Amino acid sequence: MKNISYGLFFILLILISGCKQKGEDNSSSSAEKSSHQPTGPQYTANYDRTKPTETIDVESTISTSSEVRLSEVASSIEYFQVGDDKYPVTDVVAVDGGFIALNKPKLYLYRQGKKRKRVGLKTKYSDWKDSNSPGNSLFYDKTTTKLYVQLKKLNPETGYSDKFIVELPPLDSVLARTHYLYADSLPNRYFLQNWGEIFTPEMYIRRFNYPGTGFDYGVTTFNLKNDTLCHFYAGIDSIGTIKDDNFYNFTGLYSTSYLYDNKPTFSATYCDTVYRLSDHRMITPVYNIHLGKYKASANYVINKGDKRNKVWINELRENPKGVFLKVHREGKSNKSGWLDNKDKENRDFPSEDYLMVYLKNKRQTKALPLTSQGITNDLDNGLPFWPDGQTDEYMYMIRSAKDLKQQVKLTGSPKQNTLKNFLSDLPDNQNVMIVVK
């Protein structure tokens with residue numbers, strides 16, 4: 001009986017010790033967030049205007065259409081089978097010899113001719129950014145071979161989610177593990193004020209709004225300790241004082257930010273300039289998107305100007321040979337049955353979305369035909385290509401295996417040999433990542 005009592009005592013002691021360790025882990029997490037008091041802006045923005053800004057002419061191009069061939073913006077194409085189509089691929093980063101893709105909520109390494117490998121960070125679907133949120137969730141440092149991941153976790157003390165960036169060990173050591181990694185167990189976690197739209201190991205950026213509106217007015221850079229580094233104004237026109245009764249606070253969740261050569265690049269919703277951050281305090285205007293008569297300025301919109309026949313940029317991507325834009329033109333409707341309007345002076349028309357490509361070497365902007373699904377694939381006569389994302393010098397799009405099998409016409413051409421072999425072993429329920437460079 002005495003032995004049983006001693007046994008129960010030791011079991012109870014172990015349980016208490018385990019609870020204490022868990023409590024210590026939570027308190028250390030809180031201490032991690034509160035040990036450093038973030039500082040205010042450390043630098044004044046420097047605007048580098050030493051190089052001329054290239055013009056992307058939307059105004060002249062929108063009334064034309066012409067074919068763009070894939071060979072004009074890329075020289076190679078690859079296909080990767082990237083998992084069951086029940087798990088969407090929402091972010092991709094290039095690594096040595098392959099790509100890490102977020103098959104939400106799992107991370108996998110894909111390399112040509114090899115089975116995919118699980119990158120063993122254990123997460124839940126709800127730990128990640130929403131799929132339609134702009135910006136990146138992953139960053140891979142090729143120098144250190146470390147993957148950085150942006151996540152969130154419910155804080156039971158506040159009832160809100162804490163956003164943070166976690167640094168994984170070098171990739172080879174992660175791949176060699178036989179047990180999962182958990183974000184809470186990793187030593188380098190950097191808690192953020194909120195989601196970073198774009199991040200690197202040195203900084204993250206967030207947009208800020210014009211006072212009293214929902215219009216993005218520029219971006220602020222922070223280091224991973226949450227110190228404010230610098231404010232950059234995107235150059236939208238002055239709106240003045242906003243009246244309290246003006247509730248028009250529209251701004252879009254558009255994909256107009258990305259990393260190019262690991263430099264954050266962005267445009268504001270009602271600004272016609274694309275900016276690139278050279279570092280945490282240097283900003284360079286790289287492209288002027290000329291909208292001309294189709295432009296809706298911030299001042300025009302806040303004063304409830306008619307948006308019909310005005311355009312804005314929904315999506316922006318870039319590789320070394322081109323800039324890729326999705327341009328929305330707002331339709332015009334005056335009455336019921338508006339498509340039947342015969343008034344030539346005031347003709348109605350539906351909203352339209354244009355795919356446009358700026359060819360850097362020619363300094364020429366082209367609009368694809370409205371019926372086009374993308375750039376004509378003359379590399380292997382596969383699907384028309386339009387990028388869903390970019391990483392380093394690569395651009396990728398995600399399509400279902402069914403789409404490829406149903407839409408690709410095999411002609412017997414030698415340049416389709418790789419594509420033909422890929423399709424022959426492809427299950428119908430898979431995602432396919434098409435990568436061009």
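No experiment lies behind these values; they were computed from the predicted model shown.
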Ignoring hydrogens and geometry beyond distance, is a side-chain donor-acceptor pair present between Ser257 and Glu197 at under 3.5 Å? yes
Which heavy-atom pair separates Arg111 from Gly97 by the least distance, and what is that distance? CG-O, 3.1 Å
For Val323 and Leu325, the nearest pair of non-hydrogen atoms, with its separation, is O-CD1, 3.8 Å
Side chains of Thr256 and Glu315: is there a donor and an acceptor less than 3.5 Å apart? no
Going by the angle between their ring planes, with limits at 30° and 60°, are Tyr233 and Phe208 parallel, tilted or perpendicular? perpendicular
Between Thr391 and Ala94 (side chain of the first, backbone of the second, donor and acceptor by atom type, cut-off under 3.5 Å), is there such a pair? yes
Distance, nearest 0.5 Å, that separates CZ of Arg189 from CG of Asp162: 9.5 Å
Would you call the rings of Tyr258 and Tyr260 parallel, tilted or perpendicular if under 30° counts as parallel and over 60° as perpendicular? perpendicular
How about Tyr354 and Glu352: does a side-chain donor come under 3.5 Å of a side-chain acceptor? yes
Apply the side chain to side chain contact (heavy atoms under 4.5 Å, CB included) test between Asp91 and each candidate in Asn103, Val149, Leu107, Leu138; give the one that qualifies. Leu138
Does a donor on one side chain sit under 3.5 Å from an acceptor on the other, for Thr55 and His290? no
Are the side chain of Thr61 and the backbone of Val58 linked by a donor-acceptor contact shorter than 3.5 Å? no
Near Lys420 NZ, under 6.0 Å, is it more than 12 heavy atoms from other residues, nucleotides or ligands? no
Go through the steps to decide whether Lys295 and Asp272 satisfy the test salt bridge (charged side-chain N to carboxylate O under 4.0 Å, His left out), and finish with yes or no. CA-CA 8 Å; Lys295 179 178 178 178; Asp272 52 12; 3.3 Å; yes
Evaluate whether atom CD of Gln373 has more than 12 neighbouring non-hydrogen atoms of other residues, nucleotides or ligands under 6.0 angstrom away. no
So, Asp57 versus Ser60: side-chain donor-acceptor pair below 3.5 Å or not? yes
Within a strict 4.5 Å, meaning less than it, do heavy atoms of the Val327 and Asn314 side chains meet? no
side-chain hydrogen bond (donor to acceptor under 3.5 Å, both in side chains) assessment of Asn381 paired with Asp378: CA-CA 5 Å; Asn381 296 330; Asp378 62 333; over 6 Å; no
Please say whether more than 12 non-hydrogen atoms of neighbouring residues, nucleotides or ligands are located less than 6.0 Å from NZ in Lys402. no
With a cut-off of under 6.0 Å to the ring centre and 45° to the axis, is Arg116 in cation-pi contact with Tyr108? yes
Nearest atoms (heavy-atom pairs only) where Ala183 meets Leu151: CB-CD1, 4.1 Å
Is it the case that the ring center of Tyr148 lies less than 6.0 angstrom away from the ring center of Phe199? no
Donor-acceptor pair, side chain of Asp84 and main chain of Lys86, under 3.5 angstrom: yes
Considering all heavy atoms, the nearest Asn262-Thr200 contact: O-CG2, 4.1 Å
With a 4.5 Å cut-off on side-chain heavy atoms, are Leu423 and Val408 touching? yes
Quick one: does any side-chain atom of Asp279 pair with a main-chain N or O of Met282 as donor and acceptor, under 3.5 Å? yes
Could you tell me if the side chain of Leu181 sits less than 4.5 Å from the side chain of Pro169, heavy atoms only? yes
Kindly confirm or rule out a cation-pi arrangement of Lys104 over Tyr125, judged by NZ or CZ under 6.0 Å from the six-membered ring centre and within 45° of its axis? yes
Carboxylate-amine/guanidinium proximity below 4.0 Å for Lys142 and Asp392: yes
Considering non-hydrogen atoms only, spot the tightest contact between Lys415 and Leu379 and give its length. CD-O, 3.4 Å
Establish, from distance only, whether the side-chain atoms of Trp128 and Thr123 form a donor-acceptor pair under 3.5 Å. yes
Run Asp216 and Thr269 through side-chain hydrogen bond (donor to acceptor under 3.5 Å, both in side chains) and show every step you take. CA-CA 7 Å; Asp216 46 328; Thr269 305; 2.8 Å; yes
Indicate yes or no: does Lys321 engage Glu72 in a salt bridge with an N to O separation below 4.0 Å. no
In this structure, are over 12 heavy atoms from other groups packed under 6.0 Å from Lys152 atom NZ? yes
Taking the side chain from Asn421 and the backbone from Thr418, do they hold a donor-acceptor pair closer than 3.5 Å? no
If you draw a 6.0 Å radius around CZ in Arg363, do more than 12 non-hydrogen atoms from other residues or ligands fall strictly inside? no
Are the aromatic ring centres of Phe222 and Tyr204 under 6.0 angstrom apart? yes
Residues Arg207 and Tyr217: side-chain donor-acceptor under 3.5 angstrom: no
Are the side chains of Gln150 and Lys129 in touch, meaning some heavy atoms are under 4.5 Å apart? yes
If we ignore hydrogens and angles and just use 3.5 Å, is the side chain of Thr265 paired with the main-chain N or O of Lys263 as donor and acceptor? yes
Salt bridge check: are Lys146 and Glu167 linked by an N-O gap of less than 4.0 Å? yes
Check whether Thr284 reaches the backbone of Val286 with its side chain - one donor and one acceptor, N or O, closer than 3.5 Å. no
Phe232 and Tyr47 aromatic ring geometry - parallel, tilted or perpendicular at 30°/60° bounds: perpendicular
Flag if over 12 foreign heavy atoms under 6.0 Å of NZ, Lys225: no
Minimal non-hydrogen separation, Ser267 against Leu316, with atom names: OG-CD2, 4.0 Å
Side chain of Gln81, backbone of Gln430: donor and acceptor closer than 3.5 Å? no
Salt-bridge contact Arg399-Asp388 (side-chain N to carboxylate O under 4.0 Å): yes
Centroid-centroid distance, Phe164 to Phe191, less than 6.0 Å: yes
State plainly whether the residues Glu330 and Arg308 are in salt-bridge range, i.e. N to O under 4.0 Å. no
May I ask you to decide if the ring planes of Trp312 and His328 are parallel, tilted or perpendicular, using 30° and 60° as cut-offs? tilted
Using a 3.5 Å distance criterion without hydrogens, assess whether the side chain of Tyr87 forms a donor-acceptor pair with backbone atoms of Asn431. no
Using side-chain heavy atoms (C-beta onward) and a distance below 4.5 Å, is Leu175 in contact with Val119? yes
Would you find a donor on one side and an acceptor on the other, under 3.5 Å apart, between the side chain of Glu59 and the backbone of Lys293? yes
Are any non-hydrogen side-chain atoms of Thr221 and Arg206 less than 4.5 angstrom apart? no
Report yes if the side chains of Arg276 and Phe266 come closer than 4.5 Å at any heavy-atom pair, otherwise no. no
Can we call the ring centroids of Phe422 and Tyr79 under 6.0 Å apart? yes
Pairwise side-chain contact, Lys405 with Asp428, heavy-atom cut-off 4.5 Å (strictly under): yes
Between Tyr394, Phe99, Tyr396, which is the residue that forms a ring pair (Phe, Tyr, Trp, His ring centres under 6.0 Å) with Phe80? Phe99
What's the verdict on side-chain hydrogen bond (donor to acceptor under 3.5 Å, both in side chains) for Asn429 and Asp85, showing C-alpha distance, side-chain angles and the deciding distance? CA-CA 6 Å; Asn429 67 338; Asp85 56 13; 5.6 Å; no
